[in-house]
Colleague: 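Here it is, the structure in full.
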Amino acid sequence: MNQADLSKLVSALRIAVKPKPRRFSCPEGPAGRLEKLRATVTALVKYERIELNHPRAEEAQGYAERLISDAIRNGDCHKHTMEMADYWLNEKQLVHKLFKVLVPRYQNYNSSFTRLVLGPKTYPGYYVGTAILELKGNPFPALQPETHNYHYWLHNVLLEEAKKEFRSARQDRNAGTTESVTAES
């Protein structure tokens, strides 16, 4: 028997999704909760970077990842994918952006399509837990600068050697004073 390729049948998300939904309260109930998530996914596709509270950002990330991965896998001719895009995106011109801009951008991505960065803590005051949710490859400047290894730059190498010389001279000096103290006693 021929086995079906599971990667074609099941959308594989590239982020860890918690098995239970996050508990963020909504006075409108489950329908209001879904409306907030739809508004969040719509804003993410529209602006490509949004700042919101961490629990909602973490949950909306999973829905946005699933929407983009289904759009990449099935295209705009698939009925179910178009219904999902129509449901999750409140503004209908964003459906075109999803298929004409985002799908070509992420066609060859091997990692997740979104990035979740914890926001700064405001001091003093109550820490709300903000987060920045963004689509990768957006036109905005990077939130976190690239880390470089500056260890082998010339001035860092010279400073490291000077520290070693200073420490060895201090150890020799301390060893000399302890020998003179033990000799006197």
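FYI, side chains are in, hydrogens and waters are out, and symmetry mates aren't considered; it's all heavy atoms of this structure.
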Colleague: When you look at Leu98 and Ile68, which way does the side-chain contact (heavy atoms from CB on, under 4.5 Å) test go after all the steps?
Modeller: CA-CA 7 Å; Leu98 174 68; Ile68 294 171; 4.1 Å; yes
Colleague: Within the structure provided, determine whether Leu37 and Trp88 are in side-chain contact (heavy-atom separation under 4.5 Å).
Modeller: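 Yes; the side chains approach each other to less than 4.5 Å.
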Colleague: For Glu91, is there an ion pair with Lys46 - N to carboxylate O distance below 4.0 angstrom?
Modeller: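 Yes, this pair counts.
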Colleague: Is the Tyr150 ring parallel, tilted or perpendicular to the Trp153 ring (thresholds 30°, 60°)?
Modeller: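 Tyr150 vs Trp153 ring planes: perpendicular.
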Colleague: Is Glu48 salt-bridged to Arg105, cutoff N-O under 4.0 Å?
Modeller: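 Counted as a salt bridge, because a side-chain N and a carboxylate O are separated by less than 4.0 Å.
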Colleague: Are Tyr109 and Ile72 co-members of a hydrophobic cluster defined by side-chain heavy atoms under 4.5 Å apart?
Modeller: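 Yes, Ile72 connects to Tyr109 through the hydrophobic network.
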Colleague: Decide yes or no for Arg38 and Tyr87: does some side-chain heavy atom of the first lie under 4.5 Å from some side-chain heavy atom of the second?
Modeller: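 Side chain of Arg38 against side chain of Tyr87, heavy atoms only: contact under 4.5 Å found.
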Colleague: Should the heavy atoms of other residues, nucleotides or ligands under 6.0 Å from OH of Tyr152 be counted, would the total exceed 12?
Modeller: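 Counting other residues, nucleotides and ligands, OH of Tyr152 stays at 12 neighbours or fewer.
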Colleague: Is a side-chain N or O of Asp70 found less than 3.5 angstrom from the main chain of Leu67, in a donor-acceptor match?
Modeller: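 Judged by distance alone, no pair lies under 3.5 Å.
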Colleague: Can you name the closest pair of heavy atoms from Gly32 and Glu28 and give their distance?
Modeller: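 Here Gly32 and Glu28 meet closest at CA-CB, 3.6 Å.
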Colleague: For the pair Glu65 (side chain) and Thr114 (backbone), establish whether a donor and an acceptor sit closer than 3.5 Å, ignoring hydrogens and angles.
Modeller: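 The answer is yes, because a donor-acceptor pair under 3.5 Å joins these two groups.
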Colleague: Any side-chain heavy-atom pair from Leu133 and Arg115 closer than 4.5 angstrom?
Modeller: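 A side-chain contact under 4.5 Å is absent here.
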Colleague: Please examine the side chains of Ile132 and Ile50, heavy atoms only from C-beta on, and report whether any two atoms are closer than 4.5 Å.
Modeller: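 Ile50 vs Ile132: side chains apart.
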Colleague: Search all heavy atoms of Leu135 against all heavy atoms of Leu44 and return the closest pair with its distance.
Modeller: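 Heavy atoms of Leu135 and Leu44 come nearest at CD1-O, 3.7 Å.
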Colleague: Stepwise, does the side-chain contact (heavy atoms from CB on, under 4.5 Å) test hold for Phe113 with Lys136?
Modeller: CA-CA 6 Å; Phe113 313 118; Lys136 291 183 180 177; 5.9 Å; no
Colleague: Measure the spacing between CZ of Arg56 and OG1 of Thr130 and express it to the nearest 0.5 Å.
Modeller: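 OG1 of Thr130 is found 13.0 Å from CZ of Arg56.
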Colleague: Can you check whether Glu58 reaches Leu116 side chain to side chain, under 4.5 Å on heavy atoms?
Modeller: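 Touching, per the 4.5 Å side-chain cut-off.
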Colleague: Of the non-hydrogen atoms in Val103 and Ala71, which two are nearest, and what is the gap between them?
Modeller: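 So the two residues come closest at CG2-CB, 3.7 Å.
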Colleague: Applying the side chain to side chain contact (heavy atoms under 4.5 Å, CB included) test to Leu94, which of Lys97, Lys92, His96 qualifies?
Modeller: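 Exactly one candidate clears the test, Lys97.
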Colleague: Can you find a heavy atom in the side chain of Leu52 that is under 4.5 Å from one in the side chain of Thr40?
Modeller: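 Yes, close enough: below the 4.5 Å cut-off.
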Colleague: Quick one: are Phe99 and Val95 in side-chain contact, heavy atoms under 4.5 Å?
Modeller: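 Yes, side chains in contact.
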Colleague: Taking the side chain as C-beta and beyond, is there a heavy-atom pair between Asp76 and Met82 under 4.5 Å?
Modeller: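 Side-chain contact under 4.5 Å: yes.
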Colleague: As a quick check of understanding, evaluate salt bridge (charged side-chain N to carboxylate O under 4.0 Å, His left out) for Lys36 and Glu59, giving each step before the final call.
Modeller: CA-CA 11 Å; Lys36 285 183 179 181; Glu59 187 153 354; over 6 Å; no
Colleague: side-chain contact (heavy atoms from CB on, under 4.5 Å) for Tyr106 and Leu102? Distances and angles first, verdict last.
Modeller: CA-CA 6 Å; Tyr106 299 126; Leu102 298 181; 4.1 Å; yes
Colleague: Does Asn108, at its CG atom, have more than 12 non-hydrogen atoms belonging to other residues, nucleotides or ligands within less than 6.0 Å?
Modeller: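 Count not over threshold, so no.
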Colleague: Taking atom NZ of Lys79 and atom CE of Met84, what is their separation to the nearest 0.5 Å?
Modeller: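 Reported value, rounded in 0.5 Å steps: 14.0 Å.
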